[in-house]
Amino acid sequence: MGSEVIILPVIFGAVFAIAYLYYSTRNKERMALIEKGADASIFFQGKREGKVPFWKIILINVALLFIGIGIAIFLAAFLVYNLGVNEDVAYPGTIFLMAGIGLLAGFAVAKRLEK
């Protein structure tokens with residue numbers, strides 16, 4: 001009964017701890033580079049020509065993932081109703097298989113876009 005009360009603060013605490021460690025470590029690294037005389041321009045990432053924006057790659061991967069899941073549902077229904085495969089095996093198996101193929105295709109498309 002009391003575990004519901006503890007879960008939310010633990011999640012927020014974990015997110016806060018990760019963010020704190022990330023920013024404090026980044027600050028320490030930058031201060032060390034500045035003390036050694038490194039140029040401050042290395043901290044700012046400018047837009048490089050020909051680079052595909054990150055959001056486009058994410059969008060392609062998510063789109064191909066959902067396409068794979070949709071195809072998997074149709075394929076599983078075909079397996080269940082026409083070939084008599086057990087429903088408990090057909091749906092999860094084809095969904096995971098086609099989702100993996102969709103993500104692999106998204107990786108290939110994103111790699112081709114970056115060239």
Side-chain angles (χ1 to χ4, degrees):
M1 183 82 177
S3 64
E4 299 92 13
V5 177
I6 293 180
I7 291 174
L8 197 58
V10 168
I11 291 173
F12 283 122
V15 170
F16 174 75
I18 290 170
Y20 175 76
L21 286 174
Y22 173 75
Y23 286 113
S24 67
T25 304
R26 187 175 76 165
N27 185 35
K28 288 177 186 176
E29 287 176 1
R30 288 181 176 191
M31 292 303 289
L33 284 172
I34 290 171
E35 287 175 1
K36 289 184 179 182
D39 187 23
S41 65
I42 63 173
F43 300 131
F44 305 107
Q45 293 179 340
K47 289 195 172 196
R48 293 181 237 156
E49 291 185 28
K51 185 177 178 187
V52 179
F54 185 70
W55 65 270
K56 286 185 180 180
I57 294 175
I58 295 293
L59 188 64
I60 288 171
N61 283 328
V62 169
L64 287 172
L65 174 68
F66 287 156
I67 289 170
I69 291 172
I71 291 171
I73 292 172
F74 285 122
L75 185 61
F78 176 79
L79 289 173
V80 169
Y81 295 115
N82 292 334
L83 300 178
V85 177
N86 188 0
E87 187 174 336
D88 295 336
V89 174
Y91 280 100
T94 55
I95 288 173
F96 282 122
L97 176 69
M98 294 304 291
I101 291 172
L103 287 175
L104 189 62
F107 174 75
V109 169
K111 192 173 183 180
R112 193 172 9 146
L113 282 175
E114 288 180 351
K115 286 185 179 180

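Model, not experiment: these values are computed from the prediction.
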Rounded to the nearest 0.5 Å, how far apart are CH2 of Trp55 and CD1 of Ile60?
9.0 Å
Tell me which donor-acceptor pairs under 3.5 Å the side chains of residues 82-104 have, and how far apart each pair is, sequence neighbours excluded?
{"from": "Asn86", "atom 1": "OD1", "to": "Asp88", "atom 2": "N", "distance (Å)": "3.3"}
{"from": "Thr94", "atom 1": "OG1", "to": "Ala72", "atom 2": "O", "distance (Å)": "3.3"}
{"from": "Thr94", "atom 1": "OG1", "to": "Ala90", "atom 2": "O", "distance (Å)": "2.7"}
{"from": "Thr94", "atom 1": "OG1", "to": "Tyr91", "atom 2": "O", "distance (Å)": "3.3"}

Out of curiosity, Leu113 CG to Lys111 NZ, how far, rounded to the nearest 0.5 Å?
13.0 Å
Would a single hydrophobic cluster contain both Leu75 and Val80, if residues Ile, Leu, Val, Met, Phe, Trp and Tyr are joined by side-chain heavy-atom contacts under 4.5 Å?
no
For residues 13-24, please give each side-chain donor-acceptor pair under 3.5 Å, one per line with the distance, not counting sequence neighbours.
{"from": "Ser24", "atom 1": "OG", "to": "Tyr20", "atom 2": "O", "distance (Å)": "2.9"}
{"from": "Ser24", "atom 1": "OG", "to": "Leu21", "atom 2": "O", "distance (Å)": "3.3"}

Spacing of CG belonging to Leu65 relative to CG belonging to Asn61, to within rounding of 0.5 Å
8.5 Å
Do Val62 and Ile73 share a hydrophobic cluster (ILVMFWY, side-chain heavy atoms under 4.5 Å, transitive)?
yes
Kindly give the cluster partners of Phe12, where membership spreads through any ILVMFWY side chain lying under 4.5 Å from a current member.
Leu8
Output for pair (Arg30 CZ, Ile34 CD1), nearest 0.5 Å, gives 8.0 Å
